[in-house]
Amino acid sequence: MSRESAPSPRGARTQRPAGGIRWRAWARHHRAMVLDSARRLLRRPLGSLMTMLAIAIALVLPAGLWLTLDSARLLDAELEQSATLTAYLEVGVGDSEAGRIEQALAAQAGVLDTRLITAAEGMAEFHQALGLRDALARLDDNPLPASVVVRPADPAPQAVRRLAERFEAVPGVDEVRLDLAWLERLRHLAELGQRVTLALGVLFGLGVLLVVGNTIRLAVENRRQEIEVITLIGATHAFVRRPFLYSGAWFGLGGGLLAWGLLTLGSDWLSAPVSALAASYGASFHLPRLGLEGSTILLCSSTLLGWLGAWIAVNRHLAESRPR
Amino acid sequence: MIAFEHVGKRYGGRFEALANIDFRVRRGEMVFLTGHSGAGKSSLLRLIMRLERPSRGKVRVAGHDIERLHHSQIPFYRRQIGVVFQDHQLLFDRSIYHNVALPLEIQGVEHREAARRVRAALDKVGLLHREGALPIELSGGEQQRVGIARAVVNKPALLLADEPTGNLDPQLSADIMALFEDFNRIGTTVMVASHDLALIARLRHRTLRLHDGRLVADEEVA
């Protein structure tokens, strides 16, 4: 509009349109390119779907691993909470003495709380856990010792170990058991899993970049003449790039949505056997689903990766066609 | 408007496309650029459009040393120049209207304003009634006129044409040249590269003649 009222520009000045008009034109072109790139995608539905599927497959593995690890971390935190020591008292210690010993243990520094399991209670639990009611009923004496379950204030392995040493010096305590080894093992495994997931995430992210980059490179090749012409008549690099960046973003978003669908389906499909397996170990573990946060992260990162892949592909082309 | 100062252009360090070219074109002038094919006409035009950079010397357009343009400024520089190509360079996936509207779209001209200017340009080249057609439905001469409409839709101060009548019969060629003369008459500086010597001779404009990359004649017509 501003151009109209002004006389036709006389010189080869490098003037740019005024800010407000430029911004509106910019927004309009963005809107047009969002639609145009979507239309181009839909014009080749099968090819577009294949690209998106390739992206989805590349995303599913790291996303699925991450999801599993995430829920494993929840489990880990729960286990850490429940890191306990069990002090078995000598067999034959009576209930009242057991109570005194419990108080002695509870009075030690670094103890959060204690719970006394008398010999009779121990037997009852044993019954329930093993379902050996009949066999155990035949025993005359209760062979089980009373025990005190202690929850330490500090669940770090070092602290727990020190606590156990002090307990063993308490008279009436026969043996202190602490199950730390498997907890540590689990923690190492979790860390290993996290690193593997990170490495896979980086690799497969690169894979997505390559898939999108290659697709966009072909699109650029197909529109080479158009790019040449619009560059000749004054299109900026940003203008040339725009439709391709949106195509890349669409591919990424589509791939992300497909990955989301695959993850949800997969999680549904696997959830029954996983829950059954966990239940057989007496644990309750459910395969997690992508929540709102996880879905948002997945879709945003896949869209961003698509956009970035397109950026790299178009920029390579533009760099090759600089004036010499 | 255009000044070449001892300009040379080599490709690959060996082939000398242009050597010691020195001339000036005044604002509002119409100039023909002739010479056998390979004489350097296209190279010269490409230098003005800043598609290439001179190996030696300076190219000034409207007083600016265009070598000094930062590459982010080049698009804005090119918007001041209308270019007509021998092979039209139309985009075949869109209508005549949208081909002509392309420069305005790039500059972000508002739709209604763009429509007005596109129709004015198409009217000027006599193709207003074909605005909805695809380029493929047009004859060679009509396609070239669309190319010209696209070059002038932005009212450029400088109009360059590279062999605009290359594939056209004499009558169509004369029509096209008459169009350029019309634009020149309203103040546009026009430079047309052509090897159609007969046509050029009839039109009586200043003519720069290239031979093997050298400027061998600069004939003003009184």
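Protein chains get the first letters and strands the later ones, always in sequence-line order, with residue 1 at the start of each.
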Checklist entry - If you check every heavy atom in residues 236-261 of chain A against those of chain B, which residues fall under 4.5 Å? => result A:Thr236, A:Phe239

Next on the checklist: Please check if the number of heavy atoms outside B:Arg94 that lie under 6.0 Å from its CZ is greater than 12.
Outcome noted: yes

Checklist entry - Is atom NE2 of B:His195 surrounded by more than 12 heavy atoms (other residues, nucleotides or ligands) closer than 6.0 Å? => result no

Item to check | Flag, side chain of A:Arg28 to backbone of B:Val109, donor-acceptor distance under 3.5 Å | outcome: yes

Next on the checklist: Under 4.5 Å from any heavy atom of chain A, what part of B:Arg60 do you find: side chain, backbone, both or neither?
Outcome noted: neither

Checklist outcome for this item: Checking B:Ile81, B:Val83, B:Leu51 against A:Leu232 for side chain to side chain contact (heavy atoms under 4.5 Å, CB included), the one that qualifies is B:Leu51

Next on the checklist: Check this for me: B:His111, atom NE2, are more than 12 non-hydrogen atoms of other residues, nucleotides or ligands nearer than 6.0 Å?
Outcome noted: no

Checklist entry - Around atom NE2 of A:His317, are there more than 12 heavy atoms of other residues, nucleotides or ligands at under 6.0 Å? => result yes

Next on the checklist: What residues of residues 214-231 of chain A make heavy-atom contacts with chain B at a cutoff under 4.5 angstrom?
Outcome noted: A:Gln225, A:Glu226, A:Glu228, A:Val229, A:Ile230, A:Thr231

Item to check | Residue part contacting chain A, namely of B:Arg112, when any heavy atom lies under 4.5 Å | outcome: neither

